[in-house]
Amino acid sequence: MSQQGYVAAPPYSQAQAGMGGYSAGFGNPPPQSHYGAYGSPPQGYSAPPTGKVNLLLLSSVRKLASFIFNNNLFFFALVSFPPPVASAPSMSPYGQPPQSAFYSMAQAPPPTQQLTNQMSAMNIGGYGKLDGQRPMQVPQSPSSSAAPQQYHTSPPPAMGHPPLSPPGQQLSSFGSPPPMATMGSVAAPPMGMSGPPGPGVHQPPLGPQGYPQQPGPQMAGPQSGAFQGGFPGGPAQMAGPPQKKLDPDSIPSTTQVIEDDQAKRGGQVYVTNIRGQVPPLVTTDFTVQDQGNASPRFMRCTTYSFPSTADLAKQCKVPLAAIIKPFATVPKNETPLYIVNHGETGPIRCNRCKAYMCPYMQFMDGGRRYQCGFCSCVNEVPVQYFQHLDHMGRRMDLYERPELSLGSYEFIATLDYCKNNKPPNPPAYIFMIDVSYNNIKSGLVKLICEELKTLLDRLPKEEGAETSPIKVGFVTYNKILHFYNVKSALAQPQMMVVSDVAEMFVPLLDGFLVNFQESRAVVNNLLDQIPDMFADTNESETVFAPVIQAGVEALKAAECSGKLFIFHSSIPTAEAPGKLKNRDDRKLVGTEKEKTLFQPLRGVYEQLTKDCVAQGCCVDLFLFPNQYVDIATVGDVPSHTGGSIYKYSNFQVEVNGQQFVSDLRRDVEKSIGFDAIMRVRTGTGFRATDFFGAVYMNNTTDVEMAAVDCDKAVTVEFKHDDTLSEESGAVMQCALLYTTIGGQRRLRIHNLSLNCSSQLSELYKSCETDALINFFAKSAYRAMLNQPLKTVREILVNQTAHMLACYRKHCASPSAASQLILPDAMKVFPVYMNSLLKTPTLVGSTELSTDDRAFHRLLVNAMGVEETQVLLYPRLIPLHTMDVSSDAIPAPVRCSEERLSESGIFLLENGLSMFLWLGQACPPDLIQNLFNVPSLGHLSSEGMSLPVLDNAHSRKIHSIISSISQQRATSMKLLIVKQKDRSEMLFRQHLVEDKGLHGGASYMDFLCYVHREIRQLLT
Ligand SMILES: [Zn+2]
């Protein structure tokens, strides 16, 4: 309820100078009346259900309900998408760029650009495996990264007949407009299409200028007009006479791009001292040395060269965004963040824009003043901070002060940055266990209690501290809530029951949140008793919102931030605030109303989110559903409080127990900050306009996170509000104010400087596909709450075509329209985009569970670049050819059925799921080594597991699995599938280069479609 004062007050407010106002309104002390009941003698005792816990029944105590409906709370405004268009994809939503702008950009590329274009053109058709055989192969040079890759596609052919034109066909269209495909009808095949196939599919001969005479890959075009909803390439395309096999190696390969970057930049030290430098890919192993810009682990951008004007930005449609993971894990071989303590005076900040001292501040006037790198305001240097300048104009103490020389560091915050000008208390973790029938029966409650006994010893600690300052509390619930007094002085834990869930309160203060070390005996006693206490329960109804409410109230009472760990299994149908009913209507799929399936129910949950954020109460939700639970709604509070959501459908201890326990351990132990506010400041000319993540926005600039952990990323979109200076570039500073687990208030600063250019070629050269797709995924997943999915998909495809067409128009050297020319840095963008369109959330199939789709949507919303990368292009690792003596993970192959072999074994992982695929004819000795059975036939199709055996193959495969698991934020349950088994479908839906099982084009078809769109845009 103290939201307003918390958010608007300095120091995070730009409008007000000084920091004094922060305390105002920041959490008024809870009125005594809330807790009046605790002091008074208990109203009555009754025996606990079973066991020895003392029970206190306090059902009649009332307090004012605080559920206020507020329609204006959520910002699901659509910023990055144009208004819905019902028609087929076209340019119209974006508007045509003004002609003048076009002509100014249409100048001939500089000679070097042209040369690289020509050189790279020599590589046509030599992409991938042919590279090494080509005598005229271009040596790798720094400038070659700017070179576009060129791929030919023929005009869209009639369905089912991939064209293979003879060499002359393509030559004749060189320089003259190619035959046009007509939208909305099946395109006529070009002349000569039925002729004998040319040799060019595999190795086109080179023309006089280095351009091939023969197109490289020629692609089977999708059926025109079929590109909506389910995507082109219906069954008809698969039927018919045997097709001439296209060479899939000829289209850009993600695995190749990843391998190339690893070969080029892997194992190296990436020094962050150059503005606008594009970092290695997220998949590459590298070490970061901070020399003035934040590590790419903390911040990654969609491009490292911003266009200098808003017009250019509009023209190219490439989103300008940064993906910020403020708490990203820093590997052990990299320097942890320095902590700067300026004592009582606090950090030095620009008087005007409030940016924090950083390497972009320019000192002048003998060191007495500095110019802000963000707003250009000239500030006085405080006396205590004065330092002489050297002959270069740099402060003599430059390298002694992290805030002058590093991209990332922390400041100790003063009391001005604390609620009520008081140092915060250490946070608390409250474990809230649904003890309804299902969870007892499945053994889940017993598992949780057993696990907590050891896990509570592993709560996060401050650096060097012996014990964790985090307090713990316990609640169990079904239709009513049970609180436990686990004070160390007690011989037995006491239970207090609150059955009036309509007006939630916490029935005890003292003894609810305790230090585990001190209360170990009582807590362990409680954890031993809980499963028995409810062993005979018949209660299957649960409440949910009152559980969160209870958690917030407990933290409020203890005046601390913290996290709720809620272990929940069913849709909350019991009579209580936030009661839900099944609204899973699959008939809505594919209609205008499909979006309502993903919109959370507001009201109670909206108010809960506000309460949680104001209190710094993060909600982690572990779901164990057997049926629909309305994840869109129950996941709403977690997804706005920096929380995580886990889902274990049809939970069985033997099947998912280990996976759940690993997730819980990692979640409890992980590095985390509480009660956080993030502000992204930028240099003049542009600003942060939109934010995507597990965050809450009460105004347009302050990103509030009840907690932020090492896995959570916020994607920030930027827009121009003026022209950017090429000289000063585009600088940004992310400042995160938060409370450490030890209860210290700190500011974590990440700075990043990008280039600016009036040449779009610079922008395309500096693009990062992995970051781009993260932005598109998050923005599309938000847009789908307000627009029909069909529109969202169309916008994504349009924008893909538009970005690539703009490159073609303004940056690539002139060439035949039949050539698909992609910027080098974006050459695999289409495969990621196509994969995004096929994700369960966006694909829109009635076969998919609504909860799964909603779950997926919320997960992606909080993901960083690494997570979206592997999710949208899973790793498919051949294991039958692995070198058991090597430590390395075998090189992945492309995610397509083509790459599987009957005699092979493959591992597939996407960060959420892991599969072991066994080919029908895989060698029996390998099966023997891995499963200890003589052949594949001896393996049952259901519930297979991978035993740990004492041989090199078994050890190797387990070591691969464990090293992959360590890289991922959630544990992945290994699913073993045999070729041609029913469960193989689950595996196959991750082969993202193939046609989607639930709809969606193959990569090849999508590329053809996009190419055709590009050609339309260019004419
Ligand atoms: Zn400033």
Side-chain angles (χ1 to χ4, degrees), residues 8-22 275 292-294 299 306 308 320 322 324 326 340 342 345-387 389 393-395 398 401-411 413-414 416-417 677-689 699-703 716 718-737 747-756:
Y12 267 79
S13 159
Q14 298 214 6
Q16 300 175 50
M19 309 158 180
Y22 193 59
R275 189 180 88 185
N293 285 291
M299 286 174 98
F306 276 13
S308 48
L320 308 177
I324 308 176
V340 180
H342 284 313
T345 56
I348 315 273
R349 306 177 68 177
C350 169
N351 287 330
R352 188 196 287 161
C353 74
K354 302 288 168 201
Y356 294 85
M357 182 52 66
C358 72
Y360 314 143
M361 303 299 187
Q362 190 66 49
F363 286 85
M364 51 173 65
D365 199 9
R368 282 184 291 273
R369 296 192 299 160
Y370 70 93
Q371 183 170 33
C372 174
F374 300 91
C375 72
S376 302
C377 171
V378 175
N379 295 273
E380 298 287 326
V381 173
V383 182
Q384 77 280 5
Y385 200 68
F386 174 80
Q387 177 62 249
L389 307 184
R394 297 174 308 196
R395 280 173 63 115
L398 178 67
R401 290 191 178 272
E403 76 275 20
L404 296 178
S405 52
L406 297 180
S408 300
Y409 42 87
E410 292 200 327
F411 288 116
T414 58
D416 297 321
Y417 296 82
I677 304 186
M678 186 174 98
R679 169 69 77 87
V680 178
R681 293 184 171 80
T682 54
T684 43
F686 73 115
R687 65 197 162 83
T689 53
N699 57 40
T700 54
T701 51
D702 294 303
V703 183
V716 183
F718 301 102
K719 291 268 164 67
H720 286 74
D721 47 20
D722 204 347
T723 301
L724 300 177
S725 141
E726 292 192 43
E727 192 195 333
S728 45
V731 289
M732 52 185 81
Q733 180 179 75
C734 161
L736 181 89
L737 175 64
L747 282 148
R748 180 171 283 214
I749 312 292
H750 296 301
N751 303 291
L752 189 62
S753 62
L754 310 179
N755 285 335
C756 292

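As the structure lists them, so they are numbered: ligands from 1, and atoms in each ligand from 1. All heavy atoms count here, side chains included; hydrogens, waters and symmetry mates do not.
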A.B. asks: With sequence neighbours excluded, what pairs up with Arg275 under the salt bridge (Lys or Arg N to Asp or Glu O under 4.0 Å) test?
C.D. replies: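 Here no residue qualifies.
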A.B. asks: Identify which protein N/O/S atoms are less than 2.8 Å from the Zn ion (ligand 1).
C.D. replies: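 Result, waters dropped: Cys350 SG, Cys353 SG, Cys372 SG, Cys375 SG.
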A.B. asks: Does the side chain of Met732 come within less than 4.5 Å of Val716's, by heavy atoms?
C.D. replies: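 The answer is no; the side chains never approach within 4.5 Å.
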A.B. asks: Kindly indicate whether a cation-pi arrangement holds for Arg681 with Phe374, taking the cut-offs as under 6.0 Å to the six-membered ring centre and within 45° of the axis.
C.D. replies: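 Ring-cation test returns no.
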A.B. asks: Taking the six-membered ring of Tyr385 as reference, does the cationic atom of Arg395 (NZ for Lys, CZ for Arg) lie under 6.0 Å from its centre and within 45° of its axis?
C.D. replies: yes
A.B. asks: Can you tell me if CD on Gln362 sees more than 12 non-hydrogen neighbours from other groups inside 6.0 Å?
C.D. replies: no
A.B. asks: Examine distances only and state if a side-chain atom of Asn751 and a backbone atom of Ile749 form a donor-acceptor pair shorter than 3.5 Å.
C.D. replies: no
